[in-house]
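Computed from a predicted structure; not experimentally measured. Every heavy atom of this structure was used, including side-chain atoms; hydrogens, water molecules and symmetry mates were not. Residues: numbered from 1 along the sequence shown.
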Amino acid sequence: MHSNSMKKGPERAPQRSLLKASGLTDSQIAKPLVGVVNSFNEIVPGHIELQTIARAVKDGVLANGGTPLEFNTIAMCDGIAMGHEGMKYSLVSREIITDSIEIMAKSHALDALVFIPNCDKIVPGMLMAAARLNLPSIFVSGGPMLSADGTDLISVFEAVGRHRVGKCSDEELLTLEDNACPTCGSCAGMFTANSMNCLSEAIGMALPGNGTIPAVYSARKRLAKRAGEQVMELYRANIRPLDIMTRKSFHNALTVDMALGCSTNSVLHLAAIAHEADIEFDLRTLNDISENTPNLCRLSPVKGGNHIQDLDTAGGVYAVMNELRELLNLDAMTVNCIDVGESIKDHKRRGDSVIRPLNDPYSATGGIAVLYGNLAPDGAVVKRSAVAPEMLQFTGTARVFECEEDAATAINALEIKAGDAIIIRYEGPAGGPGMREMLAATSSLAGMGLDNTVALITDGRFSGGSRGGAIGHVSPEATSGGPIAYVKDGDKISFDMEKYTISLDICDIELAERKKNMKLRPMPNHKGYHARYVKMVSSADKGAIL
């Protein structure tokens with residue numbers, strides 16, 4: 001027992017005394033100590049019910065011979081933070097989550113961990129911690145919201161855009177505000193939170209149903225109890241995260257990512273998790289996987305798409321994996337203590353409308369594409385499955401903005417027209433700082449009916465809820481002197497998502513002249529955590545790791 005280093009022998013009497021002060025008995029102290037890593041708080045709808053999940057996890061641990069010890073980490077809501085300075089803290093919170101878990105698990109010599117995340121940065125932050133600590137671990141999320149009448153949070157964001165152009169009344173907007181998020185849970189579409197919770201299954205770190213069972217279903221509590229029981233089986237079998245999160249399992253996760261049409265943020269986070277697992281993550285391999293993986297699911301934010309509850313009813317992530325089995329590494333290990341092939345074999349898709357058959361997909365290629373060219377030498381990422389066919393190839397006129405707010409002002413003032421290519425720069429990991437999501441901008445464009453005729457290109461990020469010609473993660477970022485820093489109003493921007501290309505249509509000589517004559521924006525004098533973050537953060541193509 002790893003915890004014996006903290007609790008066993010006469011010299012550890014002071015430590016046992018302190019554990020007893022917390023109410024633990026001698027028999028509880030003698031058992032494996034299982035950290036229950038809870039991200040509960042009373043602000044985030046995806047986390048408001050996590051005390052119930054933690055209670056169920058602890059019941060499972062107790063039932064199978066362990067002593068559960070719960071502690072908390074932070075969790076923020078990207079939706080609440082969206083559109084103001086709060087979003088600058090979203091991505092940076094991922095590393096704090098990872099570090100805080102390391103501190104708690106290491107300082108208290110815990111033997112195993114059950115992670116309870118739900119929303120955007122909490123899932124990858126916890127997966128990074130699991131890889132770093134390499135203690136027997138399992139994940140059980142809080143589950144997704146239900147969708148009412150096919151609406152979700154993105155419906156509200158897009159209604160704001162329609163409201164600005166007189167296509168949505170005050171009463172209609174209020175009705176959506178009151179009803180689009182009808183239950184607790186992570187937002188109902190294949191946005192970043194649900195993408196990462198589904199990929200936790202695909203990478204092998206969560207039981208089937210983790211990504212799709214709705215938050216309010218009793219099956220979610222039963223899943224949590226099973227997770228508590230199963231972590232003890234992982235402990236006894238000495239199966240650890242780095243036995244599960246291997247090169248083969250990352251390939252599986254990316255394959256499922258393409259089939260599901262996950263958030264572009266999944267690329268950023270999988271790169272960061274791979275770094276913690278000491279596994280090379282080459283962004284260029286994504287296009288190879290995308291070329292060979294059909295897109296089997298069309299979930300919100302795709303127009304008319306299904307929601308996570310529909311994916312659950314259709315069989316869930318394991319049913320998608322079973323459909324993809326010829327493309328997966330079936331010998332990769334899972335938290336089921338058996339390999340992928342055994343884990344998924346009995347999980348069949350129900351019907352053809354939510355999960356399409358492998359031989360009759362929504363599209364022959366995957367949901368995400370990485371574009372390369374002189375505007376993005378190190379890559380830019382787009383959720384291709386959420387792009388209208390007419391926007392897969394595009395040439396537009398650059399409208400350049402130095403921050404998200406300036407672009408939003410122009411969009412709201414109806415200054416953007418069909419054929420424009422909006423460039424939002426200095427929003428990268430360091431330049432932002434924190435690589436803000438541009439959901440308010442993309443939703444306004446969609447609400448105004450411009451998502452099929454206007455592109456938005458940025459060194460920042462997009463929400464998993466963004467749709468249209470939204471190309472993010474442009475690397476290198478403007479602050480680092482990437483080509484996006486030298487785009488001018490009126491330049492022509494071209495991309496071809498099927499050929500994975502993006503270009504600033506000027507010659508190399510002109511670009512070199514601009515680099516000589518155009519000065520980069522000075523870095524602001526940041527204070528607090530941002531002051532440290534901007535000194536350490538890497539480029540988006542490296543996962544924006546520290």
Side-chain angles (χ1 to χ4, degrees), residues 78-79 82-83 87 147 149-169 172-173 175-177 179-181 187-192 194-195 261-265 298-307 362 367-369 381-394 396 399 401 404-424 427 436-458 460-472 493 495 497:
D78 284 28
M82 193 75 64
M87 180 48 72
S147 166
D149 300 321
T151 61
D152 53 43
L153 178 65
I154 305 308
S155 305
V156 189
F157 272 100
E158 293 186 359
V160 172
R162 295 200 307 276
H163 184 268
R164 288 198 183 99
V165 294
K167 296 181 180 179
C168 176
S169 68
E172 290 170 324
L173 185 59
T175 297
L176 269 174
E177 177 185 325
N179 296 287
C181 298
C187 295
M190 189 54 78
F191 315 144
T192 303
N194 293 326
S195 293
C262 290
S263 164
T264 52
N265 288 310
R298 286 289 165 97
L299 303 162
S300 176
V302 177
K303 284 184 178 179
N306 295 294
H307 288 84
Y362 283 104
I368 290 178
V381 184
V382 62
K383 187 169 181 171
R384 184 168 53 181
S385 60
V387 178
E390 59 268 31
M391 281 294 290
L392 293 174
Q393 293 86 24
F394 178 83
R399 294 289 309 277
F401 302 95
E404 180 190 19
E405 288 83 356
D406 290 351
T409 297
I411 293 169
N412 296 339
L414 309 182
E415 295 173 1
I416 302 300
K417 62 183 185 299
D420 283 344
I422 300 170
I423 302 289
I424 306 179
E427 290 287 4
R436 287 189 290 180
E437 293 179 351
M438 307 293 149
L439 176 60
T442 57
S443 296
S444 291
L445 291 172
M448 294 174 181
L450 293 172
D451 54 310
N452 293 347
T453 58
V454 171
L456 199 162
I457 302 164
T458 179
R461 298 183 295 120
F462 292 106
S463 164
S466 291
R467 59 183 170 92
I471 300 169
I493 306 290
F495 56 77
M497 295 182 190

_Polar side-chain atom of S263 near backbone of S195 as donor-acceptor pair, under 3.5 Å_ = no
*For residues 385-394, pull every pair meeting side-chain hydrogen bond (donor to acceptor under 3.5 Å, both in side chains), keeping only residues two or more places apart or in separate chains.*
E390-N452, Q393-D496, Q393-E498
*Which heavy-atom pair separates L450 from I416 by the least distance, and what is that distance?*
CD1-O, 3.9 Å
*Taking atom CD of E404 and atom CD of E427, what is their separation to the nearest 0.5 Å?*
6.0 Å
*Considering all heavy atoms of both residues, which atom of K383 and which atom of P301 are nearest to each other, and what is their separation?*
NZ-CD, 3.5 Å
*Starting at CE of M448, measure out to OG of S443 and round the result to the nearest 0.5 Å.*
11.0 Å
*Polar side-chain atom of R384 near backbone of M497 as donor-acceptor pair, under 3.5 Å*: yes
*asked:* Checking T151 against N179 for the side chain to side chain contact (heavy atoms under 4.5 Å, CB included) test, could you report, in this order, the C-alpha distance in whole Å, the side-chain angles of both residues, the deciding distance, and whether it holds?
replied: CA-CA 8 Å; T151 61; N179 296 287; 5.7 Å; no
*asked:* Restricting to non-hydrogen atoms, name the atom on C262 and the atom on M190 that form the minimum distance, rounded to 0.1 Å.
replied: CA-CG, 3.9 Å
*Main-chain N/O of I424 paired to T458 side chain as donor or acceptor, under 3.5 Å*: yes
*Please round to the nearest 0.5 Å and tell me the distance separating atom CZ of F157 and atom CG of L176.*
12.5 Å
*Only one of I422, V454, D406 clears side-chain contact (heavy atoms from CB on, under 4.5 Å) with I411; which?*
I422
*Qualifying residue for side-chain contact (heavy atoms from CB on, under 4.5 Å) with R461, from L439, N265, V381*: N265
*Please round to the nearest 0.5 Å and tell me the distance separating atom CZ of R436 and atom CE of M82.*
10.5 Å
*Spatial distance of atom OG (S147) from atom CD1 (I154) [nearest 0.5 Å]*: 11.5 Å
*Please report the shortest heavy-atom distance between R164 and S444, naming the atom on each side.*
NH1-OG, 3.0 Å
_Note, T192 side chain near D78 side chain (heavy atom, < 4.5 Å)_ = no
*Can you name the nearest heavy-atom pair linking L153 to C187, along with the distance?*
CD2-SG, 3.7 Å
*In Å and rounded to the nearest 0.5 Å, what is the CD to CZ distance from E158 to R467?*
4.0 Å
_Modelled atom types, side-chain donor and acceptor of S466 and T442, under 3.5 Å_ = yes
*asked:* Going by salt bridge (Lys or Arg N to Asp or Glu O under 4.0 Å), name the residues that satisfy it together with D152, two or more places apart in sequence or in a different chain.
replied: none
*Go through the structure and list residues passing salt bridge (Lys or Arg N to Asp or Glu O under 4.0 Å) with R399, not counting sequence neighbours.*
D420
*What are the two closest non-hydrogen atoms of F495 and A455, and how far apart are they?*
CE2-CB, 3.7 Å
